[in-house]
Amino acid sequence: LWIPGLDHAGIATQNVVERQLKKEGLDRKAMGREAFLERVWAYVEEFGGIILQQKRRLGDSADWSRERFTLDDRYARVVQDVFVRLYDEGLIYRGDYLVNWDPDNMTAISDEEVDNVERDGHLWWIKYPLADGSGHVTIATTRPETMLADTAVAVHPEDERYASLVGQEVVLPLLGRRLPVIADDYVKPEFGAGALKVTPAHDKNDFEIGRRHGLDTITVIHPDATINDAGGPYAGLDRFEARERIVADLERQGLLEKVEDYRHSVPISSRSKTLIEPLISRQWFVRMKPLAERALAVVRDGTVTFHPARWQNEYFRWLEDIRDWTISRQLWWGHRIPVWYPTTEDGEVDETRDFVVSVDRPGEGYVQDEDVLDTWFSSWLWPFATLGWPEETDDLATFYPSAVLVSGYDILFFWIARMIMAGLHFTGEAPYRDVFVTGMIKDKHGRWMSKSLGNGIDPLDMIEQYGADAVRFSLNVLCTPGQDIKLDPAKFEMGRNFANKLWNAFNVFGRFLEEGRDVRRTRSFEELELVEQWILTRLNQTIEAVDEAAGRYRLNEVAAHLYDFAWRDYCDWYLELIKPAPGEAMDEETLALAVEVYERMVQLLHPLMPFITEALWHRLRPREAADALIVAEWPRPDAATTDAEAAERFRLLQELISAVRSIRSQYNVAPSKRIAAAFSVADADLARTVEARRGYVERLAGVGDLTVGEGLAKPDASAAVVVEGHEVFVPLAGMIDLDVERERLGKEIAQREGFLNGVEKKLANEQFVSRAPEAVVEKERQKAADARDELAKLRANLADLG
RNA sequence: GGGCUCUUAGCUCAGUUGGUUAGAGCGCUACGUUGACAUCGUAGAGGUCACUGGUUCGAAUCCAGUAGAGCCCACCA
């Protein structure tokens, strides 16, 4: 069961709508929550369906009647229900902690939504005078503006340089506040001057140090990243402006010791790309450790398997070192947090009374938490929330857990891992057995597609240009597991050409199919022509190869096997041999097998090219609409229609035919010209086999006069090619150029000699003969024997030229 | 700082557990169009598999290192 649907993409969607409003001179605060949400719903209804439309056009075989949205009433109820459950279980808590604050979106975000990027910055060395006037301590910082919130200076406990200072006080420049000098292991004596300004309210590590030492926390930055009143003279300035002013002021006062260029990593909001401001803020969190333990276990014990396996390591690494999840967002578009606060008579939140965690309003006199939940807090429930959970529905019993999750690695932590955690916690079972992690599609230069670069490729455009099947097929060919795809739209030409080829191949026999007639073969496998036995054998081999590759999620191999079978085997050889001469009809029995093989081929191709194959399927035989290919049984290989020996005989014929073609090409024999040829084959039995298929040779190599026999003499003035110990002679009276022929044979001989040399060397190596498996050694011996035989023939042919 | 991936034909990429004379698509060369397909056919050119060393009878494939490209994670201000 594949349930199609969407999450509500909280921040992204709210951003888009807010930008729209801005253009209209509106803003959400002014219009109010209700009116704003109406606007968002209108937007979602207009554009939210595009992605599903793309998927439909691509032929995704989902159950479209079950389409779901994370903000559907029922789903939303489940999300809030889960919040209450986790709270009751002690896995959700509220608290004032230092969180990643996105000043653009004015919301907290989770650690996973923060990107650390290297940026060129500076390291400012600032002198903090000692309170007793006996000197100063120098600290180094990359963020001087945060000094306004300093509440201590820390040194390493074993740093002798500063041992006497611990317990003393320094004066915070600019503001004049007195700060204690404390000792903490966290400080690295070798960094900077070895002293650290401690800013518990605006730095993660300092926050920890502050807790260890019971330091005050002073917040100087507003949620909009301007300096607040605690910043004294700098109040009201933007954080970057404040930095400049502070540095300038320090310099003026002689407290700036030096400035160094310094490249370091800074936290960026993955949404707004703005610099994250660590701020202390009251948020809701999920305790992740208990959830992570089981999620680790099911992958370790093989209950859940990653393809390719290397993603398991990433998964382990994240879960083993997991931190609590900030789930509240200061947004409006999303699931409102199901927490209610008692109000006083005048409607204000009454902080003296406890809040109530409940999906429904606990009664009069309560207001709901203003915030919404992280979008992933709803999508991590997808596998079971869409099946009716928490009720024990039939759907849940039937379809949960699922077989496979297909996803890009970009949301391994956001979604894949969290779904496993939620599944285990709420249902007791992991939501799927296999995780198929795909690469990501980049532009042709390997860059992520983005609006700002304008390098996006719209699937609907591609479908318009090349066709949905072409797009699907091409993508499958390109998708080497775990590897990103550098996508050049020109690559869809391959799929388009292939779809065209399939359609034209159908025409070869399709035009002889009468409406309403079901053509079935009556001949047994033994009665079939050699090429027919061969194509059936190849078909069965292809089915096996496809099954094997699909079982390992090697979709590129599936596509390659089918491409090869359809184009090289079916079209280039089989159809070329069975198609009737112009103006003639195809006989019933030939037609029947052509249909039979094509039908299987189309079945195998269906997952990759659902549209064209479905259309062709209904042209092959009279069928009811209900007998659609999409619900047809998957083909199985059939031993009864497999004959490896027959296939091998046909393969030899292919080689002989190719040899004639090659000679024709070298001597520029006009394609329309019929020529004579002689095949000198190894034994009488084979001679008879080949003899019986002279028609193949005539048709595909333009040989009108074929002589087949054992050990035939080379006709005068003929070109000769050795094919696996057999010889092909093409008399070229008046056309043969002896010099050209000598050169060609000479090159051929040299190449063979080189090859034989290598093989003989190997065989002369006793180590090889004694250590390599017998089969491998035997194979080499055979190669050597064949090469010697071929060389003898080639040399004889060369000598014959005189 | 740790981890991962990639480097194979002019271009974009395949290459299953080490055992072929290393493949495909595009591009290129020659020839070909009075009914399957020029979105095509036939034949062909084109590669010291990044480099160095090691393991092995045998390495594009396994190991180590080097160089280049990219990604993920991490609290050194």
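Small disclaimer: the values here were computed from a predicted structure and weren't measured. Each chain gets a letter, A, B and so on, in the order the sequences are listed, and its residues count up from 1.
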Answer yes or no on whether A/Arg323 is positioned over the face of A/Trp318, meaning its NZ or CZ is under 6.0 Å from the six-membered ring centre and within 45° of the axis.
-> no
Hey, could you give me the OG/CD distance between A/Ser269 and A/Glu113, rounded to the nearest 0.5 Å?
-> 7.5 Å
Considering every strand shown, what is the Watson-Crick or G-U wobble mate of B/A43 when both distances are under 3.5 Å?
-> B/U29
Which one, B/G15, B/C72, B/A77, comes nearest to the side chain of A/Glu314?
-> B/C72
Report the base-pairing partner of B/U55 (Watson-Crick or G-U wobble, both distances below 3.5 angstrom), or none.
-> none
Any A/Tyr262 side-chain N or O less than 4.0 Å from OP1/OP2 of B/A77 | yes
With sugar-phosphate meaning primed atoms plus P, OP1 and OP2, does A/Arg552 contact a base, only sugar-phosphate, or nothing at under 4.0 Å between heavy atoms?
-> base
With a 4.0 Å cut-off on heavy atoms, is A/Val187 in touch with a base, just the backbone sugar-phosphate, or nothing at all?
-> base
Any N or O donor-acceptor pair linking the side chain of A/Glu576 to the base of B/A36 at under 3.5 Å?
-> yes
Look at the side chain of A/Leu196 and decide which nucleotide, out of B/A77, B/U42, B/C13, has an atom nearest to it.
-> B/A77
Phosphate-side-chain proximity, A/Asn497 and B/C40, N/O vs OP1/OP2 below 4.0 Å = yes
Spacing of the P atoms in B/C40 and B/G25 (rounded, Å) = 11 Å
Consider only side-chain N and O atoms of A/Tyr667 and A/Glu741, and report whether a donor and an acceptor are under 3.5 Å apart.
-> yes
Sugar-phosphate only, base, or nothing, as touched by A/Ser770 at under 4.0 Å among non-hydrogen atoms = nothing
How is A/Arg496 classified with respect to the nucleic acid when contacts are heavy atoms under 4.0 Å: base, sugar-phosphate, or nothing?
-> base
G-U wobble or Watson-Crick pairing nucleotide for B/U61 (cut-off 3.5 Å, both distances) = none
Now, which nucleotide makes the Watson-Crick or G-U wobble pair with B/G18, with each of the two distances under 3.5 Å?
-> none
Using a cut-off of 4.0 Å on non-hydrogen atoms, how would the nucleic acid contact of A/Arg511 be classed: base, sugar-phosphate, or nothing?
-> base
For B/G1 and B/U66, measure between their P atoms and round to the nearest Å.
-> 13 Å
Base-pairing mate for B/G23 - Watson-Crick or G-U, with both contacts under 3.5 Å | B/C13
In the structure shown, which nucleotide is the Watson-Crick or G-U wobble counterpart of B/A77, with both distances under 3.5 Å?
-> none
Is the distance between the ring centroids of A/His307 and A/Tyr553 under 6.0 Å?
-> yes
Assign A/Phe498 to base, sugar-phosphate, or nothing according to its heavy-atom contacts below 4.0 angstrom with the strands shown.
-> nothing
Do A/Lys204 and B/C75 share a donor-acceptor pair, side chain to base, under 3.5 Å?
-> no
Quick one: sort the A/Phe506 and A/Trp503 rings into parallel, tilted or perpendicular, breaks at 30° and 60°.
-> tilted
Under 4.0 Å between any heavy atoms, over every strand shown, what does A/Glu766 touch: base, sugar-phosphate, or nothing? Just pick one.
-> nothing
Would you mind classifying the nucleic acid contact of A/Arg447 as base, sugar-phosphate or nothing, using non-hydrogen atoms under 4.0 angstrom?
-> nothing
Once you round it to whole Å, what is the distance between P of B/U5 and CZ of A/Arg317?
-> 13 Å
Watson-Crick/G-U partner (both atom distances under 3.5 Å) of B/U7 = B/A67
Using a cut-off of 4.0 Å on non-hydrogen atoms, how would the nucleic acid contact of A/Lys783 be classed: base, sugar-phosphate, or nothing?
-> sugar-phosphate
Of B/G15, B/U21, B/A77, the nucleotide closest to the side chain of A/Phe191 is B/A77
Does the side chain of A/Lys501 get closer than 4.0 angstrom to OP1 or OP2 of B/G41 through an N or O atom?
-> yes
Ignoring the backbone of A/Ser665, work out which of B/G15, B/A77, B/A43 is nearest its side chain.
-> B/A43
Name the closest nucleotide to the A/Arg310 side chain, picking from B/U5, B/A36, B/A77.
-> B/U5
Looking only at side-chain N and O atoms, does A/Arg568 come under 4.0 Å of OP1 or OP2 in B/G25?
-> yes
Would you classify A/Asp572 as touching base, sugar-phosphate or nothing, given that sugar-phosphate means primed atoms plus P, OP1 and OP2, and contacts are heavy atoms under 4.0 Å?
-> sugar-phosphate
Taking the side chain of A/Thr480 as its heavy atoms from C-beta onward, which of B/G15, B/A77, B/A30 lies nearest to it?
-> B/G15
When rounded to the nearest Å, what value does the distance between P atoms of B/C6 and B/A74 take?
-> 23 Å
Where the side chain of A/Ser662 is concerned, which of B/C4, B/G32, B/G44 is the nearest nucleotide?
-> B/G44
Rounded distance in Å - OH (A/Tyr553) to P (B/U16) | 20 Å
Determine the Euclidean distance between corresponding P atoms of B/U33 and B/C37; express it in Å to zero decimal places.
-> 14 Å
A/Trp567 near the nucleic acid: base, sugar-phosphate alone, or nothing, with a heavy-atom cut-off under 4.0 Å?
-> sugar-phosphate
Does NZ or CZ of A/Arg661 come closer than 6.0 Å to the centre of the six-membered ring of A/Trp573, within 45° of the ring's axis?
-> yes
Write down the distance separating the C1' atoms in B/G15 and B/U55, rounded off to the nearest Å.
-> 22 Å
